[in-house]
There are 2 protein chains.
Amino acid sequence: MTHPPTNTGPDPERTPTQPRPRRRGPRGDLDRAGLVAAATRVVDTQGLTGLTLRKVATEAGVTPTALYTYFVDMADVANAVGDAFLGSLGLPGILTGPGTPRVRLRAVLDRAHSALMDRPGMLALIASRPLAGPHSFAFNEALLRTLTEAGLPPERVRAGAYVLTCFLLGHLATTAPHESGAALERAREGLDPADYPLSFAPVPIDDPLPGAELLLDGILNAR
Amino acid sequence: MTHPPTNTGPDPERTPTQPRPRRRGPRGDLDRAGLVAAATRVVDTQGLTGLTLRKVATEAGVTPTALYTYFVDMADVANAVGDAFLGSLGLPGILTGPGTPRVRLRAVLDRAHSALMDRPGMLALIASRPLAGPHSFAFNEALLRTLTEAGLPPERVRAGAYVLTCFLLGHLATTAPHESGAALERAREGLDPADYPLSFAPVPIDDPLPGAELLLDGILNAR
DNA sequence: ACCTGAACACCGTTCAAGT
DNA sequence: ACCTGAACACCGTTCAAGT
């Protein structure tokens, strides 16, 4: 994906210092999945704020306008990246696998947690917009099915599902390194810890995903 | 805040069609709070994507660079807007008021919900970054105190607090009109509802804040 | 100290033109 | 159909200069 000089061919009429003009027509080695992969690399190396159409194009070795053949706009690119990431987690597979509904739900939380823990850019992307796309819908459907299977009353299933997902995002947003961490640090420095004893108190975290059991208690024990 | 022509004074040497050059020195009627108010107006009328330094400056009747006297950068402006909004809700007042911890917590959820329901730009802003600033910390502190008062074990207080806040944001993000709603619609249109029966099933929502009681059950009944 | 105006290095998006 | 290159209307931020 990174500048494969395939069909540029020999170009007798240029000096070695010039950046070599590319041919115009179809390249053949370009598709949506490859561009999404390039965009994913950009998010992971430059963060969500670094995810620009022009950088994705550079990463993929094409001109910015070429992306408009595969995406309707920049938001479409970002959504595709988020949905592809979610698909890579294989969450529906976990939810339809062995174990009680509860252990499967916990496994989903742990999987997503560990996958996003060291990817602040992807976390920021996932949290910045409602998840849309085939993988997102497939996960949501599997989640609803699991909660139904767990015996949740139908009218509480949907509420339970989004409580779970937003819990995960909320936990990660407060736990994993966040992109706007500098501003948060600035805000903390201006405050007196004595005024906010509970907020500033050091808390030993034993559970890698604190609150998960608490939440599962509340959701699954509802009748 | 909108173009008060105070100390511009008479300017004999300009034609009526020209946009009138402003004086350079201090204006006197400018401060952080007023600029935050101008920025808030921009968020509410133009959305989070419309919240730009240049538009805030225009709304406040100054030059873009003038904002750098009061804010370190654009993120600082956005954080100040979010923190000021949170302060305007008076949430700590509710949490220290009458009623059981549970009804107070529910009142906080309802208050934030109704305040953000018709303000998609502010919702997008609040959800886009970790809440930082004095009002945000004051709310967090009051929330921790309330959960402690409710009898939650100390090691679960912090988890309960962020589960509550992220629940609220998650609920609003899926309920209130979202800025990136167009992309979500696009994604839904490409799917067959028959493949996602539970996701596409119409659900009658009786509780204006579905899941809130479910969540409070889980948090407050933990031992 | 505060604010302006010009300038810089970006950005998403459009469009005509080439292959 | 696919891609380029130029162009347009933005954007945040810097900096010297005026008051």
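Here is how names work: the chains are called A, B, and so on, in the same order as the sequence lines, proteins then strands, and each is numbered from 1.
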Item checked: Nearest heavy atoms of A/Asp118 and A/Ser114, plus distance in Å -> OD1-O, 4.0 Å
Checklist line | Shortest non-hydrogen separation from B/Val36 to B/Ala80 and the atoms involved | finding: CG2-CB, 3.8 Å
May I have the distance from [X] (atom [atom1]) to [N] (atom [atom2]), rounded to whole angstrom?
X	N	atom1	atom2	answer
A/Asp31	D/dC2	CG	P	11 Å
A/Asp76	C/dT13	CG	C1'	14 Å
B/Leu48	D/dC11	CG	P	14 Å
B/Leu67	D/dC11	CG	C1'	14 Å
A/Phe71	C/dT13	CZ	C1'	16 Å
B/Arg32	C/dC2	CZ	P	13 Å
B/Asp29	C/dC3	CG	C1'	12 Å
B/Leu53	C/dC11	CG	P	18 Å

Next item on the list: Under 4.0 Å between any heavy atoms, over every strand shown, what does A/Tyr70 touch: base, sugar-phosphate, or nothing? Just pick one.
Entry: sugar-phosphate
Margin query: By the 4.0 Å heavy-atom rule, please label A/Thr65 as base, sugar-phosphate, or nothing.
Written below: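 A/Thr65: base contact, heavy atoms under 4.0 Å.
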Next item on the list: Tell me whether the OP1 or OP2 atom of D/dT13 has a side-chain N or O from B/Tyr68 closer than 4.0 Å.
Entry: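 Yes, because at least one side-chain N or O of B/Tyr68 sits under 4.0 Å from OP1 or OP2 of D/dT13.
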Check: So, is B/Thr52 near the phosphate of D/dC11, with a side-chain N or O under 4.0 Å from OP1 or OP2?
Finding: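 The answer is yes; a side-chain N or O of B/Thr52 sits under 4.0 Å from OP1 or OP2.
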Which of the following nucleotides, [options], is nearest to the side chain of [X]?
X	options	answer
B/Thr69	D/dT13, D/dG5, C/dC3	C/dC3
B/Met74	D/dC11, D/dT13, D/dC3	D/dT13
A/Arg24	D/dT13, D/dA17, D/dT4	D/dT4
B/Arg54	D/dG12, D/dA7, C/dC3	D/dG12

Next item on the list: Please determine which of B/Thr69, B/Val62, B/Leu67 meets the side chain to side chain contact (heavy atoms under 4.5 Å, CB included) test together with B/Leu30.
Entry: B/Val62
Spacing of [atom1] belonging to [X] relative to [atom2] belonging to [Y], to within rounding of 0.5 Å:
X	Y	atom1	atom2	result
B/Thr165	B/Asn140	OG1	CG	7.5 Å
A/Arg104	A/Thr96	CZ	OG1	8.0 Å
B/Tyr68	B/Leu53	OH	CG	5.0 Å

Checklist line | Strand DNA chain D in bracket notation, Watson-Crick/G-U under 3.5 Å with | for pairs to another chain | finding: ||.|||||...|||||.||
Check: Any side-chain heavy atom of A/Met122 sitting closer than 4.5 Å to one from A/Thr40?
Finding: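 Yes, their side chains come closer than 4.5 Å.
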